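Note sheet for the following structure.
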Amino acid sequence: MSASSPPPTHVIRPTRVEVSLGQIAANLAAIRAHVGPARVMAILKANAYGHGLMPVARHLVAHGVEALGAAFLEEGIHLREAGITVPILVLGSLAGEQIPRFLEHDLTLTASSVEKLQWIEQAAEAARKRATVHLKIDTGMERVGIHYYHADRLLEASLRCRHVDVTGIYSHFAQADAADLGSAQEQLERFLTVLDFYERRSLPMPVRHIANSGGILQLPASHLDLVRPGILLYGYYPSAECRRTFSVRPALSWRSQVCYFKVVPAGTAVGYGGTWTSDRPARLVTVPVGYGDGYFRALSHRAHVLIRGRRYPVVGRISMDQLVVNIGWDTAYNGDVVTLIGQDGEENLTADELADWAGTISYEVLTNINTRVPRLFVN
Ligand SMILES: *Cc1c(COP(=O)(O)O)cnc(C)c1O
């Protein structure tokens, strides 16, 4: 083999993410059973929360999901180019120069202000196309959207558009995963008050949606016409305090393999900075995964992994591409599976646990798994 030829395609890094598409479909079914007759818009931003955009999208569409939600235009284009035809709403805020691309790919735009709606109207007229739009109302998140107390201006402006079809209207909760639902209830009431606009004028109501995973779990009144689950689809609850009114299970496992075994005497310092020192003779194994894969460096000295169905601590600082595990005086061999997230025998590690150790939330643990880690899909 010449030095420049690429590695054979069947050689895969021992580090991989396994995604159970069947479990994602089961989570979708659990959500449906809870929210029906409301429809489901599956939220697929950030590479489907790290699970792999395209296979997850295809699987959800095959299981009848009515719509998809993406953060950015490029995710929407990617889905369209792969042949996905269900409505795709781009949730993130709109830059004017992007509008022709939305129209070209029949992606649903978010109109979050009168000005942006006017850009859309003008661009659609110029392109001789119809734009499909959801109006975005800010009821308390203070991120993107017209304030609920000025929303009539946007709704009225939408009635004057000649090249725009308003097929939906939405808002977003800031605290629907909290134990105290006062804030979420207030946001919901503000949203419903905005929607009175259509009834007062006897106009047809666009599709109304506000519920994220927290709203789906805790606030049935928020389900309205459509719900927007993200984290729940992937089998996690949005927060520790959020009520778990039905059950979902994680779909993602993250595994690697032992790539080096050694025995060290007491007093051996391990890794950059020598921040951990063995206090007795120990067997250490090296695993070819690190913060360059998205295994946070902040997990150093905190995380545990599973080998042969047992939990062992990560010792020393996590490097970019490697970490070291102390297996005490137990046995492990090169090639043994190392589980970073997932089940091994009786033991289980969740993204919630990693999140606690790293001082973050499961969302960030999952979306942070770098694309250099191959995804394997099982059903
Ligand atoms: C991310 C997002 C969701 C999904 O949130 P989860 O908490 O993961 O269910 C829903 N709606 C909008 C607008 C979002 O940005």
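Indexing begins at 1, ligand by ligand and atom by atom, following the structure's order. Since the structure is predicted, the reported quantities are computational estimates derived from the model, not experimental observations.
For Tyr198, the OH atom is densely surrounded, since the number of other residues' heavy atoms within 6.0 Å is greater than 12.
Considering only heavy atoms from C-beta on, Leu306 stays 4.5 Å or farther from Val338 through its side chain. Side chains of Glu125 and Arg128 form no contact here, defined as non-hydrogen atoms less than 4.5 Å apart.
Tested against Arg310, the residues Asp344, Asp336, Asp330 include a single salt bridge (charged side-chain N to carboxylate O under 4.0 Å, His left out) partner, Asp330.
Annotation: salt bridge (charged side-chain N to carboxylate O under 4.0 Å, His left out) contacts involving residues 58-82, sequence neighbours excluded, comprise Arg32-Glu66.
Between Glu104 and Arg101 there is a salt bridge, since at least one side-chain N of the basic residue sits less than 4.0 Å from a carboxylate O of the acidic one.
Protein residues with a heavy atom closer than 4.0 Å to ligand 1 are Ile43, Lys45, Tyr49, Leu91, Arg143, His172, Asn212, Ser213, Arg228, Pro229, Gly230, Ile231, Tyr363, listed by chain and number.
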